[in-house]
Structures are given as C-alpha cells and as structure tokens.
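Reviewing the structure listed below.
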Amino acid sequence: MKANAFTDRLLAWYDHHGRKGLPWHRNRSAYAIWVSEIMLQQTQVSTVIPYFHRFVEHFPDIEALATGSLDEVLHYWTGLGYYARARNLHKTARIIVEQYHGRFPRDYETAQALPGIGASTAGAILAFAFGKRHVILDGNVKRVLARYHAVDGWPGERDVAARLWDLADRYTPRTRVRAYTQAIMDLGATVCRRTRPDCAHCPVRMGCRALALGTPQRYPAARPRRSLPTRTTAMIMIRDRRGRVLLQRRPPTGLWGGLWGFPECGDEDIGEWCQQALGLRVELATPWRPLRHTFSHFHLQITPIAARAVSSDQVMENPEMVWYNPNQPDERGFAAPVKRLLQQLRETT
DNA sequence: AAGCCGGGGCA
DNA sequence: TGCCCAGGCTT
C-alpha cells in the first residue's frame with residue numbers, strides 16, 4: 001500500500017462512517033475546540049458532552065472564562081478529574097485575554113507554550129479551528145498507528161513515541177486536515193478499539209501489520225505497572241447548630257488542588273486536632289463506613305467522621321474556610337468522594 | 001481490579 | 001530528560 005493510500009482510505013471511510021455533529025464541531029470557534037480538547041484529554045466523548053454543554057453555557061467565550069473565578073471553573077469541572085487542567089484552562093484564558101487580545105493564538109509554538117496545551121493538543125486545536133496542517137498524536141491515533149505498523153513497546157518510551165510521531169506526520173495530508181484528524185481519532189474510538197477491535201470493518205485492514213500477525217489487541221504495549229500503596233485519611237464532617245458543615249480549601253496545587261474538602265487529619269487524636277488546628281471544640285460521633293478511592297498511583301482509604309461544633313462562638317476569619325450549607329449548594333469544586341459525602345450528609349439531615 | 005489518558009513539574 | 005503525579009471512568 002502506498003503511503004497515502006492509508007490517508008485516502010481513511011478519508012473515504014470518514015465520509016460515510018465518521019462522527020459528525022459533535023457539539024464542538026457545530027461551532028468551530030477555537031474556544032469551543034480548545035475546551036473540548038482539554039476535556040477529551042482525560043475522558044471519553046460520551047462523558048464529556050454534558051460537561052461541555054454546561055461549561056460553555058456558563059462560560060460562552062474566552063472573556064467569560066477569564067473573568068470567572070477559579071471556584072466557578074472548578075465547580076463546572078467537578079467530577080471530570082485532573083483538576084490541574086481546569087486550573088490551567090483558567091490560567092490560559094487570562095493569558096489569552098491579557099497578551100493576545102482575547103483571541104486564541106494561531107501560531108503553533110505560541111499555542112503549545114500555553115499552560116495545559118502540549119504538542120498533540122496544540123496540533124488538534126489548530127487543525128480543527130483553523131484548518132492548518134498540524135500533526136496530532138493522542139491515545140486513539142497512537143493505537144491505530146501502533147497497530148498498523150506493529151510498533152513494539154510502550155508509547156511512553158521516548159523512542160516509541162518518536163516513531164509514532166514520525167508515522168503520524170507521514171500520513172497527515174496537506175488538504176482536508178480537519179476531516180483526516182477527526183477520521184483517525186474516530187477510527188481509533190469506534191473501530192480500532194483497545195479491546196475487541198472491529199477489524200472486519202476497518203478501512204485500512206489490508207495494510208495493517210498487527211492484523212496480519214493476528215494480534216492487533218497486543219498493540220500498543222501497555223504501560224509497565226506497579227502495585228499501588230494504600231494511604232489513609234480521616235475526613236471530619238463538622239456541623240454547627242444550623243446544620244452547616246465546615247469546609248476547607250485545599251492547597252492550590254497537588255491532589256485535588258483548589259477544591260473544597262473536609263478538614264483532614266492523620267493519626268492524631270481528632271478532638272485535640274480540631275481544637276489545635278481549627279480552634280474548634282467538637283463532639284465526635286461514630287465514624288461512618290470507610291470509602292475507598294483509587295488514584296493512578298495509590299489507593300486512598302477515607303474514614304468519614306461526623307462531629308458537632310460545641311463552641312460555635314468561634315469567628316472564622318480565614319478565607320480558606322467556610323461554613324457550607326449542604327442544602328443550598330453554591331458554585332465551588334469538590335472532589336468526587338467529598339461530593340458524595342455532602343450528598344449523604346444532605347440525606348441524613 | 002486493572003487499564004487508560006496528555007501535560008506539568010521536578011530531580 | 002526521565003521519571004513521578006494526577007482522578008474518574010470503562011472494561
């Protein structure tokens with residue numbers, strides 16, 4: 001098969017079978033495409049769609065996003081995970097307003113230098129928004145190309161990644177870049193799936209080396225894995241007389257950075273810890289059943305502890321703390337387990 | 001229970 | 001530059 005036969009067949013396939021009418025296609029603004037690409041970095045299309053709608057409805061353009069507070073942005077991101085991306089999205093919106101007159105940069109180097117936008121995302125945004133020839137290499141594209149050429153090794157390794165970038169570049173056409181880029185992503189998502197690839201319906205099956213070897217699902221090689229350690233924490237759900245619960249903002253970076261959560265303490269005596277760290281005298285109730293939350297690199301065992309504030313005369317001057325009424329939610333971001341616990345707290349009121 | 005995903009950040 | 005970090009979802 002000639003080098004561009006791959007591209008031609010893919011484009012022909014796309015005309016009949018590609019996904020069209022995705023929400024961020026309708027409106028080809030660089031803003032909508034940028035937001036969608038950041039969401040899609042971590043999550044599948046079907047999950048992203050409702051988040052995308054809520055997000056762009058609340059933040060219709062770069063200006064609105066830049067003007068919004070980080071709390072608001074995290075609120076609309078709650079549940080999507082990887083909150084550093086929401087923080088970067090917000091940061092980048094402000095950079096674009098301050099340095100680029102509110103217009104998304106059309107230049108690759110400039111786009112790529114923005115927080116949260118790397119090589120592949122910059123290529124995707126510029127290709128989709130401006131129809132310029134740029135190469136992308138997201139998870140779907142990596143899988144298609146690793147199979148088509150039976151590329152051994154984990155794409156996280158430098159040499160393997162370099163090989164895949166080289167292949168991606170070779171097949172990216174000069175014309176119909178939007179269609180091609182969407183086509184190869186769609187092929188990976190709907191036909192060349194990670195498990196159960198549908199090779200019978202693949203437009204490039206004739207040239208696929210992994211299929212010829214009979215083991216397409218073995219490509220690309222999986223990341224080498226380690227066993228995960230378990231960490232523990234206690235989340236203290238302190239309520240005042242009015243049923244409000246004490247929340248604390250987490251540090252701006254790191255795990256659940258910038259999100260609101262319950263005060264947490266390790267192995268210390270909880271009552272004493274509350275008095276020392278929070279200046280609150282509390283009465284503890286029986287702990288709830290522990291929750292288990294898994295991250296990519298550890299398990300977190302969470303013991304939720306209900307408590308009542310006894311000394312409610314304590315004045316809260318700290319802007320990083322708030323008495324929050326679970327029955328009157330406002331716009332702030334929560335990690336998934338915190339959101340779940342707040343929901344349960346609401347039900348037990 | 002294990003795999004997946006693109007980029008940031010640090011030694 | 002090669003690791004480690006990050007979170008909720010699918011399989």
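In this text the structure is predicted, and so the values were computed from the model without any measurement. Letters A, B, ... mirror the listed sequences (proteins, then strands); counts begin at 1.
- For the residue pair Gln41(A)/Thr121(A), the side-chain donor-acceptor check at 3.5 Å is satisfied.
- dG9(B) and dG8(C) have their C1' atoms separated by 22 Å, given to the nearest Å.
- Dashed line: the shortest gap from a side-chain N or O of His293(A) to OP1 or OP2 of dG8(C) is under 4.0 Å.
- Comparing Arg196(A) and Leu80(A) against DNA chain C, the residue whose closest nucleotide sits nearer the 5' end is Leu80(A).
- Of the two residues contacting DNA chain C, namely Gly81(A) and Thr195(A), the nearest-nucleotide position lying further toward the 5' end is that of Gly81(A).
- Residue-level contact check: Ile136(A) touches neither bases nor backbone, having no heavy atom under 4.0 Å from any strand.
- Thr121(A) has a side-chain polar atom (N or O) that falls below the 4.0 Å cut-off from OP1 or OP2 of dG7(B).
- Side-chain atoms of Gln41(A) lie closest to dG7(B) of the nucleotides dT10(C), dA6(C), dG7(B).
- To the nearest angstrom, P of dG7(C) lies 11 Å from CH2 of Trp77(A).
- In this structure, Leu40(A) atom CG and dC4(B) atom C1' are separated by 14 Å, rounded to whole Å.
- In this structure, Lys91(A) atom NZ and dG9(B) atom C1' are separated by 11 Å, rounded to whole Å.
- What separates CH2 of Trp154(A) from P of dA2(B) is a distance of 18 Å, to the nearest Å.
- Geometrically, Arg244(A) does not engage Tyr324(A) in a cation-pi contact, judged by NZ or CZ lying under 6.0 Å from the ring centre and within 45° of the ring axis.
- For His297(A), the listed nucleotide lying nearest its side chain is dC5(C); candidates were dT10(C), dC5(C), dG7(B).
- Residue Ser296(A) places none of its side-chain N or O atoms closer than 4.0 Å to OP1 or OP2 of dC4(B).
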Heteroatom pairs (N/O) under 3.5 angstrom, protein to nucleotides 1-3 of chain C:
| unit_1 | atom_1 | unit_2 | atom_2 | d |
| --- | --- | --- | --- | --- |
| dG2(C) | OP1 | Arg158(A) | NE | 3.3 |
| dG2(C) | OP1 | Arg158(A) | NH2 | 3.4 |
| dG2(C) | OP2 | Arg158(A) | NE | 3.0 |

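- In this structure, the CD atom of Gln44(A) is 19 Å from the P atom of dG7(C), given to the nearest Å.
- Projected onto DNA chain B by closest heavy-atom contact, Ile117(A) and Phe295(A) fall at different nucleotides, the more 5' of which corresponds to Phe295(A).
- Phe298(A) comes within 4.0 angstrom of sugar-phosphate atoms only, judged by non-hydrogen atoms across all strands, and of no base.
- dA6(C) sits 15 Å from dA11(B) when the P atoms are compared, rounded to a whole Å.
- You'll find that the side chain of Arg223(A) is closest to dC5(C), out of dC5(C), dG8(C), dG7(B).
- Picking from dG8(B), dA6(C), dG8(C) the nucleotide with the shortest atom distance to the side chain of Ala335(A) gives dG8(C).
- The stretch residues 57-67 of chain A participates, sequence neighbours left out, in no salt bridge (Lys or Arg N to Asp or Glu O under 4.0 Å) pair at all.
- Regarding Met39(A), its CE atom lies at a distance of 17 Å from the C1' atom of dA6(C), rounded to whole Å.
- Regarding Arg87(A), its CZ atom lies at a distance of 16 Å from the P atom of dC5(C), rounded to whole Å.
- Within a 6.0 Å radius of CZ in Arg103(A), no more than 12 heavy atoms belonging to other residues, nucleotides or ligands are found.
- Cation-pi geometry between Lys132(A) and Tyr108(A) is not met: the NZ or CZ atom fails to fall both under 6.0 Å from the ring centre and inside 45° of the normal.
- By the ring-ring contact (aromatic ring centres under 6.0 Å, His included) test, Phe59(A) pairs with Phe55(A), Tyr76(A), sequence neighbours left out.
- With sequence neighbours excluded, no residue forms a side chain to side chain donor-acceptor pair (under 3.5 Å) with Thr92(A).
- No cation-pi contact links Arg176(A) to Tyr180(A), judged by a cut-off of 6.0 Å to the six-membered ring centre and 45° from its axis.
- Contact check of residues 248-257 of chain A against DNA chain C (heavy atom, cut-off under 4.0 Å) returns Leu255(A), Trp256(A).
- Neither side chain, Gln343(A) nor Arg340(A), offers a donor N or O lying under 3.5 Å from an acceptor on the other.
- Tyr82(A) has no side-chain polar atom (N or O) that falls below the 4.0 Å cut-off from OP1 or OP2 of dG8(B).
- Atom CZ of residue Arg87(A) and atom CG of residue Leu259(A) lie 7.5 Å apart, to the nearest 0.5 angstrom.
- Straight-line distance between the P atoms of dG8(B) and dC9(C): roughly 24 Å, to the nearest whole Å.
- Following rounding to the nearest Å, Arg194(A) (CZ) and dG3(B) (P) show an atom-to-atom distance of 9 Å.
- The ring-ring contact (aromatic ring centres under 6.0 Å, His included) check on Phe295(A) picks up Trp256(A), His293(A), Phe298(A), with sequence neighbours excluded.
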